[in-house]
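Here is the structure we will look at.
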Amino acid sequence: MSTTLKAVRADITTLALDAIVNAANSSLLGGGGVDGAIHRAAGPELLLECRRLGGCEVGEAKLTKGYRLPAKYVIHTVGPVWHGGGRGEAELLASCYRRSLELAAAEGIQSLAFPGISTGVYGYPVEQAAGIAVATVRATLGELTGIREVLFCCFSDSDLAIYQRLIGDAGH
Ligand code: ADP
C-alpha cells in the first residue's frame with residue numbers, strides 16, 4: 001500500500017486527522033510555539049493526561065487523546081536542541097519521526113501531520129531538518145502498514161516551498 005505524503009501550509013491545530021504530532025519539550029507540560037497552540041486548542045484535559053505520562057526522552061514519542069482538537073490523538077515527541085550538529089542532533093531528530101510513526105501504526109492511526117520538529121525555538125536549520133523529516137518518513141513507512149496519509153504541516157510559505165521541493169510531484 002502506498003502512503004500519500006503532502007506538504008500543506010496550515011495551523012496544525014485545525015487539521016481533522018487521526019493524529020497531529022506535537023513538538024513538545026521533555027516535561028510534556030506545555031511550552032511555547034506549536035506546543036502552546038496545541039494545548040490551548042485541546043483544552044486543560046490535555047495537560048492533565050500529559051502530567052500522568054512522566055515526561056518524554058529526546059527522540060521518543062508518547063500518545064494522548066486530542067480532547068477539543070479536531071484530531072483524535074496527539075503524538076508528543078521531543079526534538080533535539082540544535083547545538084551545531086555535533087551532538088547527535090540528526091539521529092535524534094530522525095528518531096522523533098520514526099518513533100512517532102511506529103506509535104501511530106501501533107494504534108491503528110491512518111492519517112497524521114507533523115510540524116517542523118525542532119525548527120522553531122530549538123533552532124534546527126529548516127533545510128536540514130526537512131531533509132531528515134522527509135527521508136525518515138519515507139524509510140519508516142516502508143516498514144509499516146496501515147498509515148495512509150502523512151502531512152508535513154508548514155507554518156510559513158518558505159517552509160512549504162522547501163518541503164514541496166523535497167517531496168516533488170510524486171507525493172509518496
Ligand atoms: P521546537 O521547540 O521543537 O523548535 P517550535 O514550536 O518552537 O518547536 O517550532 C516548531 C515549528 O512549528 C516551527 O516551524 C514553527 O514555525 C511551527 N509552528 C508554530 N506554531 C504552529 C502551529 N500552530 N501549527 C503548525 N506549526 C506551527
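Sequential numbering from 1 along the given sequence is applied to the chain's residues. Small disclaimer: the values here were computed from a predicted structure and weren't measured. One-based numbering, in listed order, for ligands and for the atoms of each.
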**Request:** Return yes when atom CD of Glu57 has more than 12 non-hydrogen atoms of other residues, nucleotides or ligands closer than 6.0 Å, and no otherwise.
**Result:** no
**Request:** Could you tell me whether a side-chain N or O of Ser26 sits under 3.5 Å from a main-chain N or O of Gly55, the two making a donor and an acceptor?
**Result:** no
**Asked** Within the distance-only criterion (no hydrogens, no angle test), does the side chain of Thr140 pair as donor or acceptor with the backbone N or O of Val137 below 3.5 angstrom?
**Response** no
**Message:** Less than 4.0 angstrom from a charged side-chain N to a carboxylate O is my criterion; do Glu149 and Lys6 meet it?
**Reply:** yes
**Asked** Which is closest to atom 6 (O) of ligand 1 by heavy-atom distance: Asp35, Val34, Leu93?
**Response** Val34
**Fill in**
Check: of Ser156, Ala23, Gly116, min heavy-atom distance to atom 10 (C) of ligand 1 comes from Gly116
Any idea which atoms of ligand 1 are less than 4.0 Å away from a heavy-atom of [X]?
X     : answer
Gly33 : 6 (O), 20 (N)
Ala10 : 24 (N), 25 (C)
Asp11 : 22 (C), 23 (N), 24 (N)
Ala37 : 23 (N)

**Message:** When you measure from the heavy atoms of Gly79 to every atom of ligand 1, does any distance fall below 4.0 Å?
**Reply:** no
**Message:** At under 4.0 Å between heavy atoms, is it the side chain or the backbone of Phe155 that contacts ligand 1, or both, or neither?
**Reply:** side chain
**Item:** Side chain, backbone, both or neither: the part of Cys154 lying under 4.0 Å from ligand 1 by heavy atom
**Value:** neither
**Fill in**
for atom 13 (C) of ligand 1, nearest protein heavy atom and its distance come out as Thr119 OG1, 3.5 Å
**Complete:** among protein heavy atoms, the one nearest atom 7 (O) of ligand 1 is Val121 N, 2.9 Å
**Item:** Contact check: Tyr122 vs ligand 1, nitrogen or oxygen atoms, below 3.5 angstrom
**Value:** yes
